Amino acid sequence: METRTDSGPGWDGNAITPSDTVNLTFGCRGIYVGVSGDIKVMSPRGNIATYVGVPQGTILPVRAVRVYATDTTATSLVAVD
């Protein structure tokens, strides 16, 4: 069995349902974007940022505890952990 580290590929993927009030219930150290658009996230430190115009097929290398419904226009999002 391999030892999990913060480097290297992700170990898991979970569909993201954006919400303005509910945090993700799984780890997220990257977001795969299925359909282009903007993504508003909260970091583990509580900072909020909007990534504008993220292209389809991108893995956005960001840790997130929440993906907001408001201001997120990208769809088919998958958390990589």
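Computation of the quantities below employed the complete heavy-atom set of this structure, encompassing side-chain atoms and omitting hydrogens, waters and symmetry-equivalent molecules. Quick note: residue numbers are just sequence positions, from 1. The structure displayed is predicted, hence computed values, not measured ones.
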dist Thr72:OG1 -> Arg66:CZ (nearest 0.5 Å) comes out at 11.5 Å

For the atom pair CZ (Arg63) and CG (Leu24), what is the distance rounded to the nearest 0.5 Å? 13.0 Å

Under the criterion side-chain contact (heavy atoms from CB on, under 4.5 Å), which of Val78, Leu77, Val80, Ile59 is the partner of Ile31? Leu77

For residues 13-20, run the donor-acceptor check on the side chains, cut-off 3.5 Å, and write out each pair with its distance to 0.1 Å, sequence neighbours left out.
{"from": "Ser19", "atom 1": "OG", "to": "Thr21", "atom 2": "N", "distance (Å)": "3.1"}
{"from": "Ser19", "atom 1": "OG", "to": "Val22", "atom 2": "N", "distance (Å)": "3.0"}
{"from": "Asp20", "atom 1": "OD1", "to": "Ala69", "atom 2": "N", "distance (Å)": "3.0"}
{"from": "Asp20", "atom 1": "OD1", "to": "Thr70", "atom 2": "N", "distance (Å)": "2.9"}
{"from": "Asp20", "atom 1": "OD1", "to": "Thr70", "atom 2": "OG1", "distance (Å)": "3.4"}
{"from": "Asp20", "atom 1": "OD2", "to": "Thr70", "atom 2": "OG1", "distance (Å)": "2.5"}

Pair Thr50-Tyr68, side chain to side chain contact (heavy atoms under 4.5 Å, CB included): steps then yes or no: CA-CA 9 Å; Thr50 302; Tyr68 288 87; over 6 Å; no

Are Val62 and Val65 grouped together when hydrophobic residues (ILVMFWY) are joined by side-chain heavy atoms under 4.5 angstrom apart? no

Under 3.5 Å, side-chain donor or acceptor atoms of residues 36-44 against the rest of the protein: list the pairs with distances, not counting sequence neighbours.
{"from": "Ser36", "atom 1": "OG", "to": "Gln56", "atom 2": "N", "distance (Å)": "2.7"}
{"from": "Asp38", "atom 1": "OD1", "to": "Gly53", "atom 2": "N", "distance (Å)": "2.7"}
{"from": "Lys40", "atom 1": "NZ", "to": "Asp71", "atom 2": "OD2", "distance (Å)": "3.4"}
{"from": "Ser43", "atom 1": "OG", "to": "Arg45", "atom 2": "N", "distance (Å)": "3.2"}
{"from": "Ser43", "atom 1": "OG", "to": "Gly46", "atom 2": "N", "distance (Å)": "3.4"}
{"from": "Ser43", "atom 1": "OG", "to": "Asn47", "atom 2": "N", "distance (Å)": "3.2"}

Can Val54 be reached from Val35 by stepping across I, L, V, M, F, W or Y side chains whose heavy atoms are under 4.5 Å apart? no

Can you list the steps and then say if Leu60 with Tyr51 is a side chain to side chain contact (heavy atoms under 4.5 Å, CB included)? CA-CA 9 Å; Leu60 187 64; Tyr51 297 89; 3.8 Å; yes

